[in-house]
Amino acid sequence: MEEEIGSIEEEYRKITETITYLRRDIKAISVLLIDKAGELITSVGDISNLDIASFATLSAADFAATANLAELIGEHDFSTLFHQGKEKSIYVSLVADQVILAVIFTRETTLGMVRIKVKKASTILGDLFDRMFKELESEYAKTVDQDFIDEAESELDSLFE
Amino acid sequence: MSLINYATKEINCKIVYYGPGLGGKTTNIKYIYSKVSPESRGKLMSLDTELDRTLFFDFLPVNLGKVKGFSVHFHFYTVPGQVYYNASRKLILKGVDGLIFVADSQIERFEDCIDSLENLKANLSEYSKKLEELPLVIQYNKRDLPNIVSIAELEEALNPREVFSCEGVATEGIGVFEPLKVVSKEVLRKLK
């Protein structure tokens, strides 16, 4: 069990390392990895002024909405999205078919550079996530035991009194 | 399956309020926001139209605190109830862990409730999910209004599975926390 958790943490470490390099290479403000249901997986960079929960939720919704748009014109999905602002822009792309990679960058960085570097990082991240998701499934049941449930339920009761 | 993030030691559960338009889903989530202490909740985000109807969704993150070293978060969403917003409704259901069906008790909305439940089943099936397999509770809302369907009739039409249900007046916070707690606990038990 210890080993398996260690292994998952190792994948996480490599994932974080990969987006750390990506951020450095393109001088992005921050890079975030979000699952398709809208939960943040991990992030690097300056997120001090960012409402992370809202950002993650809207990115996932944005992606899902544009996938529906894609279907309307006969495409399976749009693999990347780009939102251009005056000072900051967001580039969003799909990794391993289930994780959303969002890059927030300023106009000092060109879109072309973001595209190239994100594509390269996506290949590495794809492999890491594939491995990690497999390991997570086996670890899942061990984390959430009866004690965990009991404790969480009592927290729920006190929160929603 | 809820996401367990081993790196940040977080567990996130997604609960969706579903039901016909103008049935009180947003009112439920706004009440929760007003009652939960600011330290335990994030920002309430509403994406609505000028006519006060939910366009995309409302979103409220609530932090349960630390449980055995893990930070447990519940993310509450509402879907737009109006028939023509089915595309956004469907996408909010992605990765859903539990559902609170908010039924409008008014006689003239009875059919809409039934249609909405059918629509929920259809949308879940597109994610290869069955309603019967998901934690579900029902709130019969607007019980303070005069022209309402009896609970017995509502139960027969909307609750053949006999899941937890309760009467609600969401505007006053009546019957808001109870279904929320029941479904959240079911979601937690399902994590096992």
Side-chain angles (χ1 to χ4, degrees), chain A residues 4-9 11-13 15-16 33-43 51-58 60-69 71-72 98 132 135-137 139-161, chain B residues 1-14 32 35-37 40-45 47 56-57 59-70 72-75 77 86-88 90-97 176-178 180-182 184-192:
Chain A
E4 284 176 36
I5 291 181
S7 174
I8 291 167
E9 283 175 351
E11 307 295 359
Y12 263 116
R13 195 189 59 75
I15 286 166
T16 310
L33 288 163
I34 297 154
D35 89 329
K36 271 184 163 178
E39 316 287 3
L40 178 78
I41 297 170
T42 186
S43 68
D51 176 352
I52 288 285
S54 298
F55 187 90
T57 301
L58 286 173
D62 188 19
F63 217 92
T66 42
N68 277 283
L69 271 179
E71 272 179 37
L72 293 179
Q98 47 190 340
M132 197 188 68
E135 284 158 15
L136 273 181
E137 292 214 2
E139 199 50 46
Y140 199 83
K142 294 174 198 161
T143 303
V144 184
D145 56 12
Q146 194 55 46
D147 281 356
F148 180 93
I149 306 280
D150 292 344
E151 208 175 303
E153 285 192 0
S154 95
E155 291 288 342
L156 259 176
D157 284 330
S158 55
L159 186 64
F160 300 122
E161 265 178 335
Chain B
M1 192 163 80
S2 307
L3 183 82
I4 299 189
N5 191 328
Y6 285 91
T8 51
K9 300 276 178 199
E10 282 181 3
I11 296 181
N12 296 306
C13 304
K14 182 173 185 176
I32 299 164
K35 289 294 169 190
V36 171
S37 71
S40 300
R41 56 158 162 79
K43 208 172 92 184
L44 172 65
M45 185 170 63
L47 301 176
F56 220 11
F57 54 80
F59 168 68
L60 176 65
V62 172
N63 185 3
L64 201 59
K66 288 251 189 227
V67 180
K68 297 194 124 211
F70 278 81
V72 182
H73 301 271
F74 278 86
H75 289 177
Y77 289 77
N86 196 46
S88 21
K90 198 161 62 187
L91 64 90
I92 301 311
L93 286 175
K94 187 158 196 71
V96 63
D97 295 306
V176 172
F177 279 166
E178 221 183 334
L180 175 71
K181 278 199 268 192
V182 172
S184 302
K185 286 181 183 178
E186 254 191 80
V187 166
L188 284 170
R189 276 177 228 133
K190 264 204 122 173
L191 288 176
K192 245 174 79 169

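Just so it is clear: chains get the letters A, B, ... in the order the sequence lines come, proteins before strands, and each one is counted from 1. Excluded from the calculations below are hydrogen atoms, water molecules and symmetry mates; all remaining heavy atoms, backbone and side chain alike, are included.
Heavy atoms closer than 4.5 Å to chain A are found in the side chain of B:L180, but not in its backbone. Proximity to chain B involves both the backbone and the side chain of A:Q146, based on heavy atoms less than 4.5 angstrom apart. For chain A, the nearby part of B:H75 is the side chain; its heavy atoms alone come within less than 4.5 Å. Contacts between B:V62 and chain A at a heavy-atom distance below 4.5 Å involve the side chain alone, from C-beta outward. Neither the backbone nor the side chain of B:L93 comes within contact range of chain A; no heavy atom of the residue lies under 4.5 Å from a heavy atom of that chain.
Residues B:G95 and A:A37 share a closest heavy-atom pair of CA-CB, 4.1 Å. Contact record, A:L159 with B:N63: CD2-O, 4.0 Å, taken as the closest heavy-atom pair. Of all non-hydrogen atoms in B:S184 and A:L156, the two that sit nearest each other are CB-CD1, 3.5 Å. Annotation for A:A61 and B:F57: closest pair CB-CE2, 3.4 Å, computed over non-hydrogen atoms.
In terms of non-hydrogen atom pairs under 4.5 Å with chain B, the most contact-rich of A:A64, A:A152, A:S154 is A:A152. Options B:K90, B:K94, B:M45, B:K35 differ in how many heavy-atom pairs under 4.5 Å they form with chain A, and the most are formed by B:M45.
Taking 4.5 Å as the limit, every side-chain heavy atom of B:K185 sits out of range of all side-chain heavy atoms of A:I149. In this structure, A:E155 and B:V67 have side chains that are in contact, with non-hydrogen atoms separated by less than 4.5 Å. A heavy-atom distance below 4.5 Å is found between the side chains of B:Y77 and A:T57.
Annotation: the span from B:L91 atom CG to A:F63 atom CZ amounts to 12.5 Å, rounded to 0.5 Å. A distance of 9.5 Å separates CG of B:L64 from CD of A:E151, quoted to the nearest 0.5 Å. The CD atom of B:E10 sits 11.0 Å away from the CD1 atom of A:I41 when rounded to the nearest 0.5 Å. Between the CD atom in A:E39 and the NE2 atom in B:H73 there is a gap of 9.0 Å [rounded to 0.5 Å].
Remark: B:F177 engages A:F160, B:Y31 in a ring-ring contact (aromatic ring centres under 6.0 Å, His included) (not counting sequence neighbours). By the salt bridge (charged side-chain N to carboxylate O under 4.0 Å, His left out) test, B:K43 pairs with A:D51, sequence neighbours left out.
The pair A:E153-B:R189 meets the salt-bridge criterion, since a charged nitrogen lies less than 4.0 angstrom from a carboxylate oxygen.
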